[in-house]
Amino acid sequence: MKQLSVEHLLGIKYLNKNDIDLIFETANHFKEVINRPIKKVPSLRDITVANLFFENSTRTKLSFELAEKRLSADIINFSASQSSVKKGETLIDTVNNILSMKVDIVVMRHPNVGAGVFLSNHVNAKIINAGDGTHEHPTQALLDSYSIKEKLGSVKGKKIIIVGDILHSRVALSNIFALKLQGADVKVCGPTTLIPKYISSLGVSVETNIKKALKWCDVANVLRVQHERMNNNYFPTTREYTQLFGINKEVLDSLGKKIVIMHPGPINRGVEITSDVADADQSIILNQVENGVAVRMAVIYLLAQQIKR
Ligand code: NCD
């Protein structure tokens, strides 16, 4: 049986192209499963998964939970806001307490960069990074690429623009790694203050004119402006941001071609994207959410295969 080359999913940075192909092949199977009348398989009946969320989440948390349930795993959930972390407990103590309950896989979202790597060095469980600060969000990038492949047949050779707050976005970084690994042509577009200086070292170029960016691309992946991560004023006003980088139907219809619109959520309707664009038939935003469950099932399943039972 084919196996992943990694023991944990800490970032796309650690994967190779075969890993991505294997995850997608496995996700195809699970996508078929979740569209059956009985949406569940017994594959992980003896596996316990802990979902540790030290930062807010809606989609990602629900998606992981559903993926685990569809695989028949036992689940425990933990939210930092309702826990002893508030009483001063360290990450290692919190996690070791949870692991003494015999947990096999930990899915963790954490505000600190590298939290997943740290955990993988200190605890005896499979770690899946569900977002570590401004660093990586590997399952989001995998479901994004899977959705592009499903819509356009392949990722290789496709022109992808990532629009918005690149500097604070773990979705952007993981997407860049994943897309480049699969041979896509990637550009970013946004205010120069929100584009990291190292971007060209990732093989990515910058286009600051949104109209030119959209004219060039096959797919636009639109990001939210992450106000909660900003300790500075990176642009004057939200209104100005929308005027310069917001995507509306008028711009879209003026391109003379139909590009694919994506967004990882949560959407700030009327800021980075208008409602009619978010809901347009060329938008695959809800397909991304559906594919998220199948892709996460694949990742959990493949990591669980490595556990000696
Ligand atoms: C993103 C995240 O939390 O990194 N959302 C998600 O996981 N679907 C992006 C964001 O918060 O804007």
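Counting starts at 1 for both ligands and their atoms, in listed order.
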Can you report which non-hydrogen protein atom sits closest to atom 7 (O) of ligand 1, along with the distance? H137 NE2, 2.8 Å

Considering only the protein, which heavy-atom contact is closest to atom 4 (O) of ligand 1, and what is its distance? R170 NE, 2.7 Å

Per-atom contacts of ligand 1 with T60, taking only distances under 4.0 Å to non-hydrogen atoms: 6 (C), 7 (O), 8 (N)

Looking at F64, is R296 sitting on its ring face, NZ or CZ under 6.0 Å from the six-membered ring centre and within 45 degrees of the normal? yes

Run the numbers for me: atoms of ligand 1, each under 4.0 Å from some heavy atom of V171, listed by number. 1 (C), 4 (O), 9 (C)

Any K39 side-chain heavy atom under 4.5 Å of R70 side chain: yes

Using a 4.0 Å heavy-atom cut-off, say whether R109 meets ligand 1 through its side chain, its backbone, both or neither. side chain

Mind checking whether H110 and F54 have parallel, tilted or perpendicular rings, split at 30° and 60°? tilted

When rounded to the nearest 0.5 angstrom, what distance separates CD1 in I148 from NZ in K158? 9.5 Å

Hydrogens and angles aside, do N35 and E290 bring a side-chain donor and acceptor to less than 3.5 Å of each other? yes

Please confirm whether S169 approaches ligand 1 to less than 4.0 Å, judged on its heavy atoms. no

Looking only at distances, can you tell me whether any N or O atom of P264, backbone or side chain, sits closer than 3.5 Å to an N or O atom of ligand 1? yes

What about the rings of H8 and Y14, do their centers lie closer together than 6.0 Å? no

CG of N248: more than 12 outside heavy atoms within 6.0 angstrom? yes

Atom 11 (O) of ligand 1: which protein heavy atom is closest, and how many Å away? R224 NH2, 2.8 Å

Below 4.0 Å from ligand 1: does a non-hydrogen atom of G265 turn up there or not? yes

